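All remarks here apply to the structure that follows.
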Amino acid sequence: MISVNSTDFLHESIRDHIISSEKVAHVQIGNNAEHALLVLTKTGYSSIPVLDPQYRLKGLLSMGMITEAILGLERIEYERLSGMKVDELMQTDVPVIGINTEFRRVFDLLINHPFLCVEDEEEMFAGIMTRRVLMKKLKKAVYTMPR
Ligand code: 2BA
């Protein structure tokens with residue numbers, strides 16, 4: 001049986017566990033797809049947030065979305081990258097959570113999403129909650145279960 005203590009974290013706020021906005025690789029609305037491809041390649045992340053100049057979340061962009069957009073009939077048309085804006089390519093239907101959301105809520109969402117974008121009380125982008133952070137919390141809970 002899991003002790004009450006080991007699952008206490010489920011009612012804890014994610015606030016102190018997010019990767020804060022300044023540490024999150026992102027692109028801005030208006031950036032071209034060539035710049036976005038560079039950021040995705042250099043950071044190694046498969047998907048990153050798209051923000052406006054006021055740091056509000058506008059969407060998510062992945063490597064797949066870029067390659068799909070420049071896929072020609074016979075080859076990948078890299079020369080089209082500089083003429084495309086991230087605004088045209090990004091996914092806008094993105095799950096967003098508030099900064100005071102409890103861990104039990106992110107549990108469900110992180111089954112289908114590798115990370116969740118987090119907004120503060122003013123609806124500004126505050127950072128991301130990743131699957132890795134949740135897994136570490138879960139591991140700690142499992143290891144403190146009574147035998
Ligand atoms: P992915 O890029 O698909 O990465 C999957 C997992 O691979 C990550 O899980 C992490 O454990 C590892 N990983 C990938 N690139 C890494 C790197 N440059 N440095 C260290 N570890 C790396 P999570 O940490 O749970 O992240 C889940 C997703 O959240 C990532 O998926 C990425 O889309 C996003 N992400 C994580 N940290 C980010 C950051 N600082 N900036 C932007 N996006 C981030």
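Each residue takes its place number in the sequence, starting with 1. Quick caveat, the model's predicted, so the values are computed rather than measured. Indexing begins at 1, ligand by ligand and atom by atom, following the structure's order.
Protein residues with any heavy atom under 4.0 Å from ligand 1: Ile19, Lys23, Val24, Ala25, Thr43, Gly44, Tyr45, Ser46, Ser47, Ile48, Pro114, Phe115, Ile128, Thr130, Arg131, Arg132.
Using bins of under 30°, 30° to 60° and over 60° for the plane-to-plane angle, the ring pair Phe9/Phe107 lands in the tilted bin. Using cut-offs of 30° and 60° on the angle between ring planes, the pair Tyr55 and Phe125 is tilted.
With hydrogens and angles left out, the side-chain atoms of Gln28 and His35 include no donor and acceptor closer than 3.5 Å.
In this view, Thr67 satisfies the side-chain contact (heavy atoms from CB on, under 4.5 Å) rule with no residue, not counting sequence neighbours.
Using a 4.5 Å cut-off on side-chain heavy atoms (C-beta onward), Lys58 and Leu51 make no contact.
Side chain of Asp87 to main chain of Gly30: a donor-acceptor pair is present (N/O by atom type, distance under 3.5 Å, no hydrogens or angles).
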